[in-house]
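This structure is a prediction, so every number in the text was calculated from the model and none was measured. A note on names: the letters A, B, ... follow the listed sequences, proteins ahead of strands, and every chain is numbered from 1.
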Protein chains: 2
Amino acid sequence: MEKAPFLTVDSVIFSFDESALKLLLVKRAIDPFNDQWSLPGGMVAGAKGNTLEAIARDKLMIKSGVDVDYIEQVFTTGNDQRDPRGWSVSVVYSALIPYQAAHHNADWVADAAWFKVDELASMRLAFDHQDIIQVALERLRQKSLYSIVAGYALPAPFTLSQLQHIHEVILGKPIQAKSFRRRIEQADLLEPAGEIQLDRGRPAALFRMKPAARKYTFVRNLDG
Amino acid sequence: MEKAPFLTVDSVIFSFDESALKLLLVKRAIDPFNDQWSLPGGMVAGAKGNTLEAIARDKLMIKSGVDVDYIEQVFTTGNDQRDPRGWSVSVVYSALIPYQAAHHNADWVADAAWFKVDELASMRLAFDHQDIIQVALERLRQKSLYSIVAGYALPAPFTLSQLQHIHEVILGKPIQAKSFRRRIEQADLLEPAGEIQLDRGRPAALFRMKPAARKYTFVRNLDG
DNA sequence: TATATTTAATGTCTATAGGTCAATTATGTC
DNA sequence: GACATAATTGACCTATAGACATTAAATATA
């Protein structure tokens, strides 16, 4: 490659709604891939922020109206095939946000929409964004076996059943409630936040993520 | 940031020699940080290769005479502080290579040398390479709790005792031989490769990494 | 040749943490 | 008050790592 490659920051933003894992995409308004759905993000050159993560956050705020709490770097993809214009590099971030907070804002941004990850698999997205999403998804699945960061995709406070449910959706398989609760309690990852009465059944205790939950990893994986 | 940032690929190359974890550094011959030790790597612009990883491998081959087998992306650092010239981004790779193969080659490359990771902690390195190394090290330590990729830093074939030893050095604590062997055997990660008689004691069986060992992760961590 | 020494390899028991699933608790409904 | 529905917990089972003693296979030495 001769010149410096294009450098972009793209984010895979996960959320949880109607028992489904969803992901925020924006419709491109310029070539290449004009009019196709793509990951929110953009060029690093000219962006605002002192670090890559700050730039990623800023772009999400500006372009998608999303103020992200939990965000982490997934990986960086770069080659001479992913952009028809030539060499390009994308630093990929993954974020988890409560659907509610995001929903309203996503409305006032033109051409931003949430897609269920299942439906999404068959869509043709811009660049190699489909591949990127698969990597981010796999990472999220792995992580859900030994952490509870998925909880950042729920509006706080939430019940343990809700927290378990999002894990089950991400993993695509049921989890033993007892195992799930036991390890969380032992690791002291959640903070009590009252209780709530759902439509039916026994009222459930409410919790918020404790700061420790952001980094905590269990020494054993759940059945995967 | 206005213009596109500098984009580089840097590699943290680990190896194992004299019971110590070592790491390959090269002395810079240009500003900034002229004459200071730094991670092998360089600018992506103008480099040879169709992917970031290919470029990383090529730079190691050309500049350090090292042909890497095991290499993986660690993370990407980017901000306006790490390079005095302004915004710069570095995609960081981590590689594990047998010391023997590496040693000779490192000789015919000017100003490349191996450093024990312990000694290295007090050195002043170029850019934020000291920080990068710490991240790569931490990643390697984590990984050594649930995989045996550290074996790629040994010349094949190797004994189980040697494989255990490098893990102990990386983790900085002893490992139960029984636990270590049991899980490896059960996961069928190694291929028998004869046996060897060391200076003293019972001869040891020799093994090589099976392909599966590259990606395999145990469901449970060793004591960390 | 027998014994001590050294390192490799294994047997066995214990401890820990998740898996299973039944039982209990707390509400709302009929 | 009996039933339905969820949440939560109790009790036992299982899998896998930790501890540590024991056995195995070689060399060195008396």
Q. Which pair of heavy atoms, one from A:I97 and one from A:S15, lies closest together, and at what distance?
A. O-OG, 2.6 Å
Q: Check the distance between C:dA17's P and B:Y146's OH and give it to me in whole angstrom.
A: 19 Å
Q) Which two nucleotides bound the region of DNA chain D that has atoms under 4.0 Å from heavy atoms of chain A, read 5' to 3'? A) D:dT5 to D:dA15
Q: Specify the separation, in whole Å, of atom CD1 of B:I196 and atom P of C:dA8.
A: 11 Å
**Q.** Residue whose closest nucleotide on DNA chain C lies nearer the 5' end, B:G201 versus B:F207
**A.** B:G201
Q: Indicate yes or no: does A:D128 engage A:R82 in a salt bridge with an N to O separation below 4.0 Å.
A: yes
Q | Residues in contact with DNA chain D, drawn from residues 217-224 of chain B - heavy-atom cutoff 4.0 Å | A | B:R220, B:L222, B:D223
Q | 4.5 Å side-chain heavy-atom contact, A:T159 and A:H165 | A | no
Q. Is a donor-acceptor pair below 3.5 Å formed from side chain B:K178 to base C:dG11, judging by atom type as modelled?
A. yes
Q.
My understanding is that only one of A:W114, A:F16, A:F158 makes a ring-ring contact (aromatic ring centres under 6.0 Å, His included) with A:Y99; could you say which?
A. A:W114
Q: Take atom CD of B:Q176 and atom P of C:dG11, then tell me their distance rounded to the nearest Å.
A: 16 Å
Q: Identify whether any heavy atom of A:E195 sits under 4.0 Å from a base atom; if not, whether one sits that close to sugar-phosphate; answer base, sugar-phosphate or nothing.
A: sugar-phosphate
Q. Quick one: do the A:Q134 and A:Q130 side chains pair a donor with an acceptor below 3.5 Å?
A. yes
Q.
Taking any heavy-atom pair under 4.0 Å as a contact, classify B:S179: base, sugar-phosphate, or nothing.
A. base
Q: Round to the nearest Å and state the distance from A:D199 atom CG to C:dA26 atom C1'.
A: 15 Å
Q: Using whole Å, report how far CD of A:E185 lies from C1' of C:dG18.
A: 15 Å
Q. Hey, does the side chain of B:R200 come within less than 4.0 Å of C:dT7's phosphate (OP1/OP2), counting only N and O?
A. yes
(Q) Show the nearest heavy-atom pair for residues B:E53 and B:I71, with the distance to one decimal. (A) OE2-CG2, 3.6 Å
**Q.** Given DNA chain D, 5'-ward residue of the pair A:R182 and A:R202, judged by closest heavy atom
**A.** A:R202
Q: Mind checking the CH2-CG spacing from B:W37 to B:L23? Nearest 0.5 Å is all I need.
A: 12.0 Å
Q: Heavy atoms only: give me the nearest A:Y152-A:A213 pair and the separation to one decimal.
A: OH-C, 4.4 Å
Q) Nearest nucleotide by nearest heavy atom, which residue falls closer to the 5' end of DNA chain D, B:F180 or A:P203? A) A:P203
Q: Quick one: label B:A177 by what it contacts on the DNA or RNA (base, sugar-phosphate, nothing), any heavy atom closer than 4.0 Å.
A: nothing
